[in-house]
Structures are given as C-alpha cells and as structure tokens.
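Written below as structure tokens is the structure these notes are about.
Here is the naming used below: chain letters follow the sequence lines, and residue numbers restart at 1 for every chain.
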There are 2 protein chains.
Amino acid sequence: MNISEVGRATDLPAKTIRYYEEIGLIQPKRSANGYRSFDAQDVHRLRFLARARALGFSIEDCRSLLALWADRGRASADVRHIAKTHLKEIKDKIAALTAMQATLTELVDACAGNDRPDCPILQGLAD
Amino acid sequence: MNISEVGRATDLPAKTIRYYEEIGLIQPKRSANGYRSFDAQDVHRLRFLARARALGFSIEDCRSLLALWADRGRASADVRHIAKTHLKEIKDKIAALTAMQATLTELVDACAGNDRPDCPILQGLAD
DNA sequence: CATAAGGGTTCCCGTGACGGGAAGGTCAAG
DNA sequence: CTTGACCTTCCCGTCACGGGAACCCTTATG
C-alpha cells in the first residue's frame with residue numbers, strides 16, 4: 001500500500017503520514033524502489049492516531065496512548081489518567097474561550113457598527 | 001520609562017514588548033545608552049494590545065485595531081467587523097472543544113481506571 | 001521509443017507569538 | 001572596584017504540520 005492510498009484510507013495527508021514516520025510513531029517498510037510500503041498494522045496505527053488527534057490529544061499523548069494500546073499488560077488507569085488530564089485542559093480552554101466570548105459579545109452588541117467613529121469596542125480595549 | 005517598568009505597568013513580559021516593537025506595533029524611542037525609552041503613548045498602546053490579546057485577537061487583528069483606534073475618522077463598523085469575525089472563530093473553537101469534551105467524557109466515564117488492561121478509551125480510539 | 005502525467009522521495013523554509021539562554025554593555029550602590 | 005541588577009542583540013526551540021523545489025519511478029499514450 002502506497003502513501004496516497006493510505007492517506008485515503010486514514011483521511012490523513014501524505015505530509016502528515018511522513019511526519020509521523022519521521023518522529024517515530026510508525027515504521028512502514030520500504031519497497032525496492034524506495035517507496036514506503038504500509039501494511040495493515042501501519043494503517044491501524046494511523047487510524048488510531050487520526051482519532052486521537054481529532055480528540056485533541058497532543059502528539060506526545062498519542063505516543064503514550066499508542067504504547068499503552070500495544071501493551072497487553074497495561075493498566076486502564078494509565079490510559080484514563082492521560083485522558084482525564086487532557087479533558088481538564090479542554091475544559092480549561094473552553095472556560096477561557098467562554099469568558100472571551102462573553103466579553104466580546106457585550107462589546108459587539110454595544111457597538112452600532114455604522115460609519116461613525118465612536119466605538120464601545122475600542123473603548124473597552126482602551127479602558 | 002525603561003522596559004521592565006513598562007512590563008509591570010502593562011503586565012507584559014519584556015520579551016513580548018521587544019517582540020511588539022520588532023514587528024512594528026510600537027516604536028519606542030531610545031535613550032543615549034541604547035535602552036528603549038517608553039512614553040505614555042507607548043504604554044497606552046501596550047495596554048491596548050494586552051487587552052486585545054487577552055480577548056484572543058491575533059496579532060494582525062491587533063494591528064488593525066490599533067490603526068482604527070488611532071484613526072479619528074474610522075467607522076465603528078470596521079471595528080465591529082473584526083470583532084464579529086473573531087467572535088465567530090471563538091464560537092467555532094468552543095463548539096469543536098465541546099464536541100471533544102463530550103466524546104472524551106463518555107470514554108473516561110466508561111473506563112474503570114484500574115490495573116486491568118481492558119479499556120473503553122483505547123477501544124474507542126481503535127474502533 | 002519518446003514523452004507526459006501522475007505517483008513517489010528528500011530537503012528546506014515558514015507558520016504564531018513568543019520563551020530561554022548566551023554574550024556582552026550600562027548603571028547605581030557599597 | 002566590584003557586585004548585582006538592569007539593559008542590549010542574536011539565535012534556537014516551540015507544535016504539528018504545509019508549501020514548494022528538485023528529483024526519481026511507473027504507466028499510458030502518440
């Protein structure tokens with residue numbers, strides 16, 4: 001399986017797949033012509049990576065999750081710990097963004113948005 | 001006013017202030033000894049920048065906002081447009097993060113988090 | 001058989017908004 | 001005179017890739 005086919009199968013750009021190999025997340029074999037040759041396990045790992053990335057896990061988290069996934073003797077507590085930590089980061093980000101949203105909404109609602117110069121948004125930023 | 005004093009006044013790290021000068025957001029004068037010398041207007045602009053950045057505006061947005069702020073003939077519609085566009089980005093981010101949060105919460109709740117290997121989180125990622 | 005199209009490869013630079021740290025100049029106090 | 005706290009520039013690292021150049025391989029077509 002060549003890289004573009006794997007790209008379609010995993011919905012990942014070829015660039016991303018090469019990058020994942022470069023940083024050691026996958027180790028596809030090479031054909032005689034130098035092309036990467038992906039087997040079913042490579043595709044499996046890439047789909048796992050795509051899902052984990054879609055949930056916002058960092059590459060390093062993904063590396064750990066992949067290792068746990070491959071480890072039959074893992075403790076689910078280890079997986080859960082990574083996920084909970086990440087979940088907290090997400091919640092914190094949502095909280096920060098929600099606060100920004102509230103302030104911005106106020107300012108935008110207060111602004112006439114016409115051709116006159118007086119603007120509560122700029123006033124809010126200027127204090 | 002030297003950079004560290006301005007840093008305290010604006011709650012911005014010196015590194016950030018130097019960066020803002022480098023990319024042309026401020027143009028503090030220089031003392032004879034080569035030190036940056038900030039006047040009240042510089043501090044004003046920096047405080048404006050700090051607030052805008054705290055609301056999540058990009059540096060380029062900040063550049064535009066600063067220009068509008070300085071322009072007495074501005075139309076508040078221009079300011080409002082920038083803010084509304086940014087607000088939409090924030091809403092989109094919140095939506096994406098909330099979706100991640102929902103999925104992750106499900107997975108984390110389903111996981112026993114003990115020393116056994118069976119883990120719904122990994123299963124969810126592996127499909 | 002030459003060539004063109006459509007794969008693949010490596011390599012290097014750019015992103016956004018700074019932070020860390022090195023190497024060195026300046027200034028006030030003891 | 002030295003110490004310590006400032007300040008300066010410069011360069012590299014972040015994170016997860018994307019764009020593009022320069023070049024090789026394979027297959028189809030005129």
Side-chain angles (χ1 to χ4, degrees), chain A residues 1-39 42 45-46 48-66 82 85-86 89-90 93 96-97 100, chain B residues 1-39 42 45-46 48-66 82 85-86 89-90 93 96-97 100:
Chain A
M1 222 168 165
N2 281 352
I3 199 165
S4 65
E5 196 181 351
V6 174
R8 282 185 293 272
T10 59
D11 206 35
L12 289 172
K15 277 278 189 180
T16 298
I17 299 174
R18 292 196 191 95
Y19 175 65
Y20 289 171
E21 183 192 21
E22 188 190 335
I23 63 175
L25 293 179
I26 51 170
Q27 288 116 358
K29 292 176 183 163
R30 297 291 180 134
S31 305
N33 58 11
Y35 288 13
R36 287 171 184 80
S37 174
F38 299 85
D39 61 22
D42 294 323
R45 289 173 71 88
L46 285 170
F48 184 98
L49 283 166
R51 290 220 174 72
R53 292 289 298 134
L55 286 181
F57 284 105
S58 71
I59 290 286
E60 287 317 305
D61 277 350
C62 287
R63 194 187 301 279
S64 306
L65 290 170
L66 271 177
I82 295 175
T85 302
H86 176 47
E89 289 169 9
I90 287 181
K93 278 189 191 172
L97 287 168
M100 290 180 193
Chain B
M1 222 170 165
N2 280 350
I3 198 166
S4 68
E5 196 181 349
V6 174
R8 282 186 292 273
T10 60
D11 206 37
L12 288 172
K15 276 278 189 182
T16 298
I17 298 173
R18 291 196 192 96
Y19 175 65
Y20 289 171
E21 183 192 20
E22 189 191 336
I23 63 175
L25 293 180
I26 52 171
Q27 288 116 359
K29 293 177 182 157
R30 296 293 179 130
S31 305
N33 58 13
Y35 287 15
R36 288 172 183 80
S37 175
F38 299 84
D39 60 23
D42 293 324
R45 289 174 69 89
L46 285 170
F48 184 97
L49 282 167
R51 290 219 175 73
R53 292 286 302 134
L55 286 181
F57 284 105
S58 71
I59 290 285
E60 288 316 305
D61 277 351
C62 289
R63 194 187 300 277
S64 307
L65 290 170
L66 271 177
I82 295 175
T85 302
H86 176 46
E89 288 170 10
I90 287 182
K93 276 190 192 171
L97 287 169
M100 289 181 193

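A 4.5 Å side-chain heavy-atom check between A/I17 and A/F38 finds at least one atom pair inside the cut-off. Between A/I90 and A/H86 the shortest side-chain heavy-atom distance falls below 4.5 Å. A heavy-atom distance below 4.5 Å is not found between the side chains of B/L49 and B/L65. Residues B/R18 and B/I3 have side chains in contact (heavy-atom distance under 4.5 Å, counting atoms from C-beta outward). Between A/R53 and A/I59, the closest side-chain pair of non-hydrogen atoms falls below 4.5 Å. A/S37 places none of its side-chain heavy atoms less than 4.5 Å from the side chain of A/R30. In this structure the side chain of B/L66 never reaches within 4.5 angstrom of the side chain of B/I26, judged on heavy atoms. For the pair A/Q27/A/E21, no side-chain contact is recorded, criterion being any heavy-atom separation below 4.5 Å from C-beta on.
With sequence neighbours excluded, no residue satisfies side chain to side chain donor-acceptor pair (under 3.5 Å) with A/R45.
Comparing B/A32 and A/K15 along DNA chain C, the residue whose closest nucleotide (by nearest heavy atom) sits nearer the 5' end is A/K15. Residue A/R30 is the one, among A/R30 and B/E60, whose nearest nucleotide of DNA chain C lies closer to the 5' end (criterion: closest heavy atom).
Spacing between atom CD1 of A/I3 and atom P of D/dG18 amounts to 12 Å, rounded to whole angstrom units. We find that CE of B/M1 is positioned 11 Å from P of D/dC7, with the value rounded to whole Å. A/I26 has its CD1 atom 16 Å from the P atom of D/dA16, to the nearest Å. If you take CG of B/N2 and C1' of D/dC7, they are 7 Å apart, rounded to a whole angstrom.
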What does the list of N/O pairs under 3.5 Å between the protein and nucleotides 25-27 of chain D look like, with a distance for each?
none

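Scanning both residues, A/D42 and A/D39, for their nearest heavy atoms gives N-OD1, 2.9 Å.
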Next item on the list: Quick one: do A/R63 and A/L25 satisfy side chain to side chain contact (heavy atoms under 4.5 Å, CB included)? Show the steps, please.
Entry: CA-CA 7 Å; A/R63 194 187 301 279; A/L25 293 179; 3.9 Å; yes
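Between chain B and DNA chain C, the heavy-atom contact criterion of under 4.0 Å yields a 5' to 3' nucleotide range of C/dA17 to C/dC27.
With axes fitted over five pairs at each extremity, the angle between the ends of the helix from C/dC1-D/dG30 to C/dG30-D/dC1 is 40° (10° resolution).
Proximity of residues 16-23 of chain B to DNA chain C (heavy atom under 4.0 angstrom from any strand atom) is restricted to B/T16, B/Y19, B/Y20.
Of the inter-residue distances, the one linking B/F57 atom CZ with B/E89 atom CD reads 9.5 Å to the nearest 0.5 angstrom.
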Identify every side-chain donor-acceptor pair in residues 6-13 of chain A under 3.5 Å, counting partners at least two apart or on other chains, and give the distances.
| unit_1 | atom_1 | unit_2 | atom_2 | d |
| --- | --- | --- | --- | --- |
| A/T10 | OG1 | A/V6 | O | 2.8 |
| A/T10 | OG1 | A/L12 | N | 3.4 |

